[in-house]
Amino acid sequence: MDLPTMEDSKIIFALDVYDRDTGIELAKNLADQVFAIKVNWPIILENGIKIISELSKYSKIICDFKLADVENTDKLITEKVAQYGAWGIISHAFTGIKSLRAVVKSAGQMKVFSVVSMSQESYIDNVYDKLVDDSLKAGVFGLVAPANRPDRLKKIRDISGDIKIIAPGVGAQGGNIISAIMAGADYIIIGRSIYDSPDPIGAIKKFNDEATKL
Ligand code: C5P
């Protein structure tokens, strides 16, 4: 399927809204400016899983469900998300390699990203190297690491080879695009600074310009 998505954009738009019409409108208007759109629980809880198929008409959709369960439950969720046409899914890594492998195996064509560090301090900070190691062994497509903690991001890049890293934390959480890309992020996840802006298209254009300056 031909999507209007801009393959050379480094921005993944975090569509963290509840309302269906607002979500569809934003997706329609912004799809040709972003690499992908990430959805989280808010829009799914309000509208049901079918919203993934609706949004997939406009852009690649990454489901940020941060899977964190035993193998079988993670597998059941992953298979269901794949049925609705998501391009990617995000899993936690701290539940261990067995769960990660189950997600990768049941993802089919979907790309699997695993969280190896949060954009805020958390208990997984102490084990990020093990989480990277397990993620690489499990064969995930990419990692999620914090854009607003560039030192941490750089450490993760240094031990991850050239695997894709998607990084949240720019704008509302204090990070900036340039330092995140310099620390090793391939794509930057941005939510509030876009959807809360009076001019979301202008906001994305600004972020795209900044990202391509490097
Ligand atoms: O609004 P903001 O730009 O802070 O949105 C960041 C997005 O990235 C949210 O959807 C949030 O759930 C997600 N995320 C994050 N930190 C992580 C993993 C995901 O902020 N470690």
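Hydrogens, waters and symmetry mates are skipped; everything else that's a heavy atom, side chains included, is used. This is a predicted model, so every value here is computed, not measured. Numbering of ligands and ligand atoms starts at 1, following listing order.
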(message) Would K164 pass as a cation-pi partner of F113, given that its NZ or CZ must be under 6.0 Å from the six-membered ring centre and within 45 degrees of the axis?
(response) no
(message) Looking at R152 and D125, is there a salt bridge between them, counting it only when a charged N and a carboxylate O are closer than 4.0 Å?
(response) yes
(message) Could you tell me if Q173 and S119 have a donor-acceptor pair between their side chains, going purely by distance under 3.5 Å?
(response) yes
(message) Less than 4.0 Å is my threshold; does some heavy atom of Q120 fall inside it relative to ligand 1?
(response) no
(message) Test of understanding: given a 4.0 Å heavy-atom threshold, classify the contact between M118 and ligand 1 as side chain, backbone, both, or neither.
(response) both
(message) For D186, is there an ion pair with R157 - N to carboxylate O distance below 4.0 angstrom?
(response) yes
(request) With heavy atoms under 4.0 Å as the rule, classify the contact between D64 and ligand 1 as side chain, backbone, both or neither. (result) side chain
(message) Counting only nitrogen or oxygen atoms and a 3.5 angstrom limit, does S119 reach ligand 1?
(response) yes
(request) Provide the number and element of each atom of ligand 1 under 4.0 Å from a heavy atom of R192. (result) 1 (O), 2 (P), 3 (O), 4 (O)
(request) Using a strict 4.0 Å cut-off to heavy atoms of D16, name the atoms of ligand 1 that fall inside it. (result) 9 (C), 10 (O)
(message) Tell me the contacting part of P168 for ligand 1: side chain, backbone, both, or neither, using a 4.0 Å heavy-atom threshold, strictly below.
(response) side chain
(message) Just to check, does A145 reach to within less than 4.0 Å of ligand 1 when the distance is taken from its heavy atoms?
(response) no
(request) May I ask you to say whether R20 pairs ionically with E54, meaning some side-chain N is under 4.0 Å from a carboxylate O? (result) yes
(request) Would you give the length of the straight line joining atom CD1 of I11 to atom CD1 of I166, rounded to the nearest 0.5 angstrom? (result) 12.5 Å
(request) Tell me, yes or no, whether the heavy-atom count around D209 atom CG, taken from other residues, nucleotides or ligands under 6.0 Å, exceeds 12. (result) yes
(request) If you have a sec, work out which protein heavy atom is nearest atom 12 (O) of ligand 1 and how many Å separate them, to one decimal? (result) N40 ND2, 3.1 Å
(request) Please report which non-hydrogen protein atom sits nearest to atom 6 (C) of ligand 1, along with the residue it belongs to and the distance in Å to one decimal place. (result) Q173 NE2, 3.7 Å
(message) Taking 4.0 Å as the limit for heavy-atom contacts, which would you say applies to S117 with ligand 1: side chain only, backbone only, both, or neither?
(response) backbone
(message) Please list the nearest protein heavy atom to atom 3 (O) of ligand 1 with its residue and the distance rounded to 0.1 Å.
(response) G191 N, 2.9 Å
(request) Check each of R149, K38, K66 against atom 18 (C) of ligand 1 and report the one with the nearest heavy atom. (result) K66
(message) Please report the interatomic distance CG(D21) to CD(E25), rounded to the nearest 0.5 Å.
(response) 8.0 Å
(request) Verify whether the ring centers belonging to W41 and Y18 lie closer than 6.0 Å. (result) no
